[in-house]
Amino acid sequence: MVKKIKILVSFGTRPEGIKLAPVIKEIEKNKDYFILSICSTGQHREMLAQVIDFFEIKPDINLNLMTANQTLSEISSRIIQGMEDVFNQTSPDIVLVQGDTTTAFLTAFVAFYGKIRVGHVEAGLRTFNKHSPFPEEINRQLISKIADLHFAPTEKAKESLLNEGTDENGIILTGNTVVDAILWGIDKIDKKPEKDKSEDIKLLEKIVSPDKKTILVTMHRRESFGEEIKNVCEALKVTASKYKNINIIYPVHLNPNVSRPVHEILGGIKNIKLFEPLGYEPFLWLMNKSYFIITDSGGVQEEAPTLKKPVLVIRKFTERSESVEMGISKLLGTDKENIIKNMRLLLDNESEYKKMIAYANPYGDGKASRRICKAMKEYFKICAE
Ligand code: UD1
Ligand code: UDP
């Protein structure tokens with residue numbers, strides 16, 4: 001009888017929950033090999049609850065650490081203390097972290113102090129600019145220093161890890177688990193009887209109309225707080241007033257540094273609809289109905305190609321350059337006039353629009369979670385030899 005591997009999966013925010021959900025499901029299918037514990041730091045509260053609900057995940061531990069308008073240091077210190085207790089309680093053979101959040105970095109860091117192995121899902125993304133995204137670029141670089149297994153989503157990510165001197169044997173090219181998540185989500189929605197449709201979708205159906213182009217917007221990055229968020233909002237306002245045949249739908253992130261200026265500038269405009277963050281089900285529905293997407297989200301840049309939606313990226317740097325190179329997303333920065341110009345181009349020029357429709361998703365094929373589980377089995381077999 002082979003000794004089972006004790007895995008702790010740790011997450012704290014909406015995107016980590018979405019991207020680790022399919023990994024959790026795959027681990028659960030492999031009960032003969034793995035013993036799973038799930039820990040939420042609760043770095044996010046409502047926005048993570050929506051994910052846990054949709055993917056039917058049952059955390060064994062919830063540290064419930066979020067406070068309103070938390071600073072990076074405040075949430076960091078709570079995670080360090082909280083995760084030390086979790087490791088003492090669970091003593092896993094390996095902990096899986098995802099991406100580049102405070103939860104991901106500090107879970108890896110505390111695991112390192114406890115000499116616990118770390119597997120990093122979505123390893124090797126880089127902008128090489130320590131201030132953008134802030135603080136995520138440094139978080140993920142530091143996780144790469146600590147991790148034993150690096151699950152790289154793309155060839156480019158693998159290349160970045162190799163260039164930094166990461167041991168090649170520890171790098172596994174998997175694709176991004178977000179593609180597994182979106183395919184799982186679409187399948188769940190397709191199988192749902194009409195009568196169980198979510199209330200949010202019923203509400204959105206009243207707004208989304210075939211004779212108006214829907215533009216979906218999300219924005220939340222820390223490096224854009226202040227002037228840059230205002231610039232983007234001004235660009236949306238100008239475009240909304242010029243084009244009466246569009247609806248801009250914007251589920252606003254709960255961070256008060258985002259929601260305050262967004263509501264101040266865009267509240268009360270007829271063809272701009274501001275929402276609370278949407279659950280994954282209505283958000284997928286809305287992405288699918290949108291004409292194009294304006295976002296600074298990492299996950300949305302990776303999901304949009306599966307739904308064949310052009311993306312305007314309102315950031316100065318992106319680590320998701322694969323879709324930019326394919327021409328299916330555009331890196332615009334946060335300059336007001338440039339955003340207006342590019343929105344107009346997509347709205348007025350059909351051939352420019354068609355050029356941006358994805359012909360493939362460069363970020364994954366829906367099998368990343370399977371590859372991650374396979375790699376863990378092989379790694380522990382090797383370790384045991
Ligand atoms: C975090 C991640 C970021 C990720 C983003 C996803 C870090 C440093 N940043 O940023 O990489 O892209 O999550 O959304 O880890 N809030 C709520 N309810 C929620 C969630 C947030 O009220 O469910 C509010 C709270 O006031 C909270 C604030 O948002 O203090 C900021 O949350 P935090 O997790 O610190 O940062 P994000 O900007 O969400
Ligand atoms: N998302 C969601 N509801 C929303 C906005 C986004 O479910 O109202 C999902 C989206 O589909 C993607 C993820 O949240 O999978 C991205 O999270 P976010 O933009 O907060 O973080 P990032 O990916 O930038 O780290």
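In each ligand, atom 1 is the first atom listed, and ligand 1 is the first ligand listed.
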> So Thr103 and Gln43, side-chain hydrogen bond (donor to acceptor under 3.5 Å, both in side chains) or not? Walk me through it.
Replying inline: CA-CA 7 Å; Thr103 289; Gln43 178 182 333; 2.7 Å; yes
Compute whether any side-chain donor of one residue and acceptor of the other, for [X] and [Y], lie under 3.5 angstrom apart.
X: Thr306; Y: Tyr363; result: no
X: Thr295; Y: Thr218; result: yes
X: Ser37; Y: Thr90; result: no
X: Asn62; Y: Asn64; result: no
X: Ser144; Y: Arg126; result: yes
X: Glu137; Y: Asn129; result: no
X: Asn257; Y: Asn69; result: yes
X: Ser369; Y: Glu26; result: no
X: Ser329; Y: Gln301; result: no
X: Arg315; Y: Thr127; result: no
X: Thr101; Y: Glu16; result: yes

For ligand 1, which atoms sit closer than 4.0 Å to a heavy atom of [X]?
X: Arg45; answer: 19 (C), 23 (O)
X: Met66; answer: 16 (N), 17 (C), 18 (N), 19 (C), 20 (C), 21 (C), 22 (O), 25 (C)
X: Leu72; answer: 8 (C)
X: Pro256; answer: 26 (O)

Test of understanding: given a 4.0 Å heavy-atom threshold, classify the contact between [X] and ligand 2 as side chain, backbone, both, or neither.
X: Gln50; answer: neither
X: Glu303; answer: side chain
X: Leu278; answer: both
X: Phe283; answer: side chain
X: His220; answer: side chain
X: Ser297; answer: both

>> Please find the pair of heavy atoms, one from Gly299 and one from Val178, that lie closest to each other, and give the distance.
In response: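 Closest approach of Gly299 to Val178, heavy atoms only: O-CG2, 4.5 Å.
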Tell me the protein heavy atom at minimum distance from [atom], and give that distance in Å.
atom: atom 13 (C) of ligand 2; answer: Ile18 CD1, 3.7 Å
atom: atom 20 (O) of ligand 2; answer: Arg14 NH2, 2.8 Å
atom: atom 8 (C) of ligand 1; answer: Thr102 OG1, 3.1 Å
atom: atom 36 (O) of ligand 1; answer: Arg222 NH2, 3.3 Å
atom: atom 33 (P) of ligand 1; answer: Gln70 NE2, 3.3 Å
atom: atom 4 (C) of ligand 1; answer: His220 NE2, 3.7 Å
atom: atom 31 (C) of ligand 1; answer: Asn255 ND2, 3.3 Å
atom: atom 23 (O) of ligand 2; answer: Gly299 N, 2.7 Å
atom: atom 21 (O) of ligand 2; answer: Pro15 CG, 3.4 Å
atom: atom 10 (O) of ligand 1; answer: His44 NE2, 4.2 Å
atom: atom 18 (N) of ligand 1; answer: Glu46 OE1, 2.6 Å

Distance under 4.0 Å to a non-hydrogen atom of [X]: what atoms of ligand 2 satisfy this?
X: Pro277; answer: 8 (O)
X: Tyr280; answer: 7 (O), 11 (O), 15 (O)
X: Pro251; answer: 8 (O)

> Cation over ring, Lys188 on Phe54, under 6.0 Å and within 45°?
Replying inline: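 Verdict for Phe54: a cation-pi partner in Lys188.
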Flag the pair [X] and [Y] as a salt bridge only when some basic side-chain nitrogen lies within less than 4.0 angstrom of an acidic carboxylate oxygen.
X: Arg260; Y: Glu264; value: no
X: Asp180; Y: Arg371; value: no
X: Lys158; Y: Glu155; value: no

> So is Gln301 close enough to ligand 2, meaning a heavy atom under 4.0 angstrom away?
Replying inline: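 So Gln301 does not count as touching ligand 2.
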>> Using heavy atoms and a 4.0 Å limit, tell me yes or no: is Asn69 in contact with ligand 1?
In response: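 So Asn69 counts as touching ligand 1.
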> Quick one: does Thr103 get a heavy atom under 4.0 Å from ligand 1?
Replying inline: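 Judged by the 4.0 Å heavy-atom criterion, Thr103 does not count as contacting ligand 1.
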Is the shortest N/O to N/O distance between [X] and ligand 1 below 3.5 Å?
X: Glu136; answer: yes
X: Gln43; answer: yes
X: Asn139; answer: no
X: Arg14; answer: no

> Within a radius of less than 6.0 Å around NZ of Lys192, do more than 12 heavy atoms belonging to other residues, nucleotides or ligands occur?
Replying inline: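 Atom NZ in Lys192 is packed in, count exceeds 12.
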> Judging by distance only, is a nitrogen or oxygen of Gly298 under 3.5 angstrom from one on ligand 2?
Replying inline: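 Indeed, backbone or side chain, Gly298 has an N or O that close.
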>> For ligand 2, which is the ligand I care about here, please tell me if Lys19 has any N or O atom under 3.5 Å from one of the ligand's N or O atoms.
In response: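 Checking ligand 2 against Lys19, no N or O pair falls under 3.5 Å apart.
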> Which bit of Pro135 is near ligand 1, meaning a heavy atom under 4.0 Å away: side chain, backbone, both or neither?
Replying inline: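 Side chain only; the backbone of Pro135 stays clear of ligand 1.
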> Side chain, backbone, both or neither: which part of Pro15 comes within less than 4.0 Å of ligand 1 when only heavy atoms are counted?
Replying inline: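 Under 4.0 Å from ligand 1, Pro15 contributes side-chain atoms alone.
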> When the ring planes of His253 and His220 are compared, do they come out parallel, tilted or perpendicular, using 30° and 60° as the limits?
Replying inline: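 Plane angle under 30°, so parallel.
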> Under the side-chain hydrogen bond (donor to acceptor under 3.5 Å, both in side chains) criterion, do Lys377 and Asn30 qualify, and how do the steps go?
Replying inline: CA-CA 10 Å; Lys377 285 182 200 165; Asn30 283 275; 2.7 Å; yes
